[in-house]
Amino acid sequence: MSWLLPAPVLIPFLAAGAAMMAGRRYRLQAALTVVAVVASLLVACLLAFEARHGPLTLDVGSWAAPLGITLVVDELAGIMLVTSLAVTLLVLLFTLAQAQVNDGDSDAPASVYHPVFQPAYLILSAGVSNAFLTGDLFNLYVGFEILLAASFVLMTLGGTAQRIRAGSVYVVVSLTGSLVFLTGIALTYGTYGTLSFAQLAMRIRDGDAGMALIIQTVFLLAFGLKAAIFPLSAWLPDSYPTASAPITAVFAGLLTKVGIYAIIRTQVLLFPTSAADTVLGVAGIVTMIVGILGAIAQDDIKRLLSFTLVSHMGFMLWGIVLGNRIGLAAAIFYAVHHIVVQTTLFLVAGLMEHVGGSTSLRRLSSLASVSVGLICLYLVPALNLVGFPPLTGFIGKLGLAEASVRSATPLAWSLLAAGLITSLLTLYVVVKVWNMAFWQTAEEEGADPRPSGGLRHARARAMAAPTAGLVILSLALTLAAGPLMSYTSRGAARLLERKDYVEAIIADTGRGQGDSRHVGDEAPDVIDRPSDHDEGDPDSRLTEEGQR
């Protein structure tokens, strides 16, 4: 099964080349893009299913680590890969439907007809998949650069002055993050002589603690900028809302989560105990509070959702910082939940703009009287974002709360308090949108709901269908929360133990091809993390070193 590992990267790349050759034959490009994403999703499901038995590894070109490129899929990579591709597919269907609704319009959605849109979208998907599957730092950097290059194109399509200005800021911020990341890679290779995650997991432990802290800080700055962690998040609310609704949705759902994935992978695997954990925990608290306060102050739905996106990145940091199995599993579960829910809300914002003619809460009014279906499409993900039981948001937050109680440290209690406050303020935010957009009379003139029948027309229903698909997906995750939490829990235990992941890369376990053992390599049994991470064990970075 390991021979399938490159497929989620290769299929979109090959399809992107074919789509470029198709030129302006829009329907052919659309068909190629949909088929490529569906095929990648099916492969990702197979890989995630097989990863439950242990990590799968492939040496590209039969060059084993650390000389060659190693692709690895474990539970963390598998579940992130499946979720990202499912969201990518549904957003793509929304985009194609939106292009049909706005056929002939010169506004933003018409950029879908640009011959580079669908190739860029496929390259974005390939970059995200490559970042999730890589087994070394440099290939992770390559994955970041691939998806960022594609995102530059997608953000500025349409060529409006606002988009070019916001895109310029986004490019500068992204290149700065890439430069910081590359600096961290240079320091790592110069210090430890390798970029392989497996070898670094062993060499960092036996190396100089001060140098390890410097390298960890550099990586946290790079990944924190990409994940929009406060105070590195100011760029996001000014950049994302300028793009069209589906592009904003896929950016919000995926790009920040790649940053969170990188933080999980490096923090747990390379820096299992560190003084930087306290700083990261404080950053999580401030991210939650400042982000949601920013959302309260907004009157534009897209900007409001951008601030909630920033705020809820703090919930994922919450579980990472606690470092025990329950907290890490809840953080992974919450990342999956947030990918689906945040993407859905941005697509709903696109539908509200289509029906009401604006995303400004001061100009929207009485949408409930125009489209009853839009009420349900908004209400379910909004309540899920708040964390109403029994939805996935509640389950993820409950897991994080339990992890804080088990850790029982001042930082853990502070994270719990910040999470509760943020959830209450998130409720205020979604109720504010509910009241102003659906029920109240507009404060400004000139943007009454369109007399087009809301979502009753066939083309408008085509836009609503993928959004409804995301709502159904979130409900399906709720119904499957038990098996899903068990899956993430096993993945968290393996991440904390580290031995399976290390053996999969530098030993023969789970290997596709290539001799893995090199002269001078340390034996993987030096990984001595405790193997008992059951629910009664409060093992964590917080309690293990007494740093909190």
Side-chain angles (χ1 to χ4, degrees), residues 94 237 240-241 245 248-249 252-253 288 291-312 315 337-338 340-394 397 419-445 447-450 453-456 460 463-464 466-475 478:
F94 182 98
Y240 281 12
T248 304
M288 284 190 271
I292 201 61
L293 290 178
I296 291 173
Q298 303 306 310
D299 290 322
D300 182 87
I301 297 176
K302 284 186 176 181
R303 284 186 60 83
L304 181 149
L305 290 176
S306 296
F307 275 100
T308 63
L309 168 63
V310 171
S311 175
H312 284 252
F315 283 91
H337 143 82
H338 198 255
V340 177
V341 169
Q342 197 73 50
T343 303
T344 307
L345 286 171
F346 273 106
L347 292 188
V348 171
L351 290 173
M352 294 169 73
E353 183 178 17
H354 171 74
V355 174
S358 176
T359 57
S360 171
L361 292 174
R362 296 184 181 277
R363 294 173 60 84
L364 290 172
S365 66
S366 306
L367 293 182
S369 63
V370 179
S371 177
V372 176
L374 193 57
I375 296 176
C376 297
L377 292 179
Y378 171 77
L379 194 58
V380 173
L383 294 179
N384 206 346
L385 186 67
V386 174
F388 268 72
L391 299 173
T392 51
F394 171 77
K397 291 176 182 179
L420 292 174
I421 294 171
T422 302
S423 296
L424 290 173
L425 294 178
T426 303
L427 176 61
Y428 171 81
V429 168
V430 301
V431 170
K432 171 185 173 180
V433 175
W434 170 259
N435 285 333
M436 295 184 69
F438 287 93
W439 304 106
Q440 293 185 4
T441 303
E443 296 181 17
E444 298 180 4
E445 300 295 332
D448 291 332
R450 295 182 180 182
L455 301 181
R456 290 194 290 272
M463 290 171 59
T467 311
L470 281 169
V471 173
I472 293 170
L473 177 59
S474 69
L475 295 176
T478 300

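All values below were derived from every heavy atom in this structure, side-chain atoms included, with hydrogens, water molecules and symmetry-related copies excluded.
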J.: Answer yes if the side chains of H338 and T343 hold a donor-acceptor pair under 3.5 Å, and no otherwise.
T.: no
J.: Indicate the ring-plane relationship of W434 and Y378, choosing parallel, tilted or perpendicular according to the 30° and 60° boundaries.
T.: parallel
J.: Nearest 0.5 angstrom please: T344 OG1 to L473 CG, how far?
T.: 7.5 Å
J.: Taking the side chain from S311 and the backbone from M288, do they hold a donor-acceptor pair closer than 3.5 Å?
T.: yes
J.: Quick check against the 3.5 Å criterion: does Q342 have a side-chain atom that pairs as donor or acceptor with the backbone of L305?
T.: yes
J.: Using only atom types and a distance under 3.5 Å, with no angle test, would you say the side chain of D299 pairs donor to acceptor with the backbone of L361?
T.: no
J.: Hey, what do you get for OG1 (T392) to CG (L385), rounding to the nearest 0.5 Å?
T.: 10.0 Å
J.: Counting only N and O atoms by type, is there a donor-acceptor contact under 3.5 Å from the side chain of R303 to the main-chain atoms of Q298?
T.: no
J.: Starting from the C-alpha separation in whole Å, work towards a yes-or-no answer on side chain to side chain contact (heavy atoms under 4.5 Å, CB included) for R362 and D300.
T.: CA-CA 8 Å; R362 296 184 181 277; D300 182 87; over 6 Å; no
J.: Using a 6.0 Å distance limit plus a 45 degree cone around the ring axis, check whether K302 lies over the aromatic ring of Y240.
T.: no
J.: Please check this pair: side chain of K432 against backbone of I296, looking for a donor-acceptor N/O pair closer than 3.5 Å.
T.: yes
J.: Return the set of residues passing ring-ring contact (aromatic ring centres under 6.0 Å, His included) with F394 (not counting sequence neighbours), or none when no residue passes.
T.: none
J.: Are H312 and F307 close enough that some pair of their side-chain heavy atoms sits under 4.5 Å apart?
T.: no
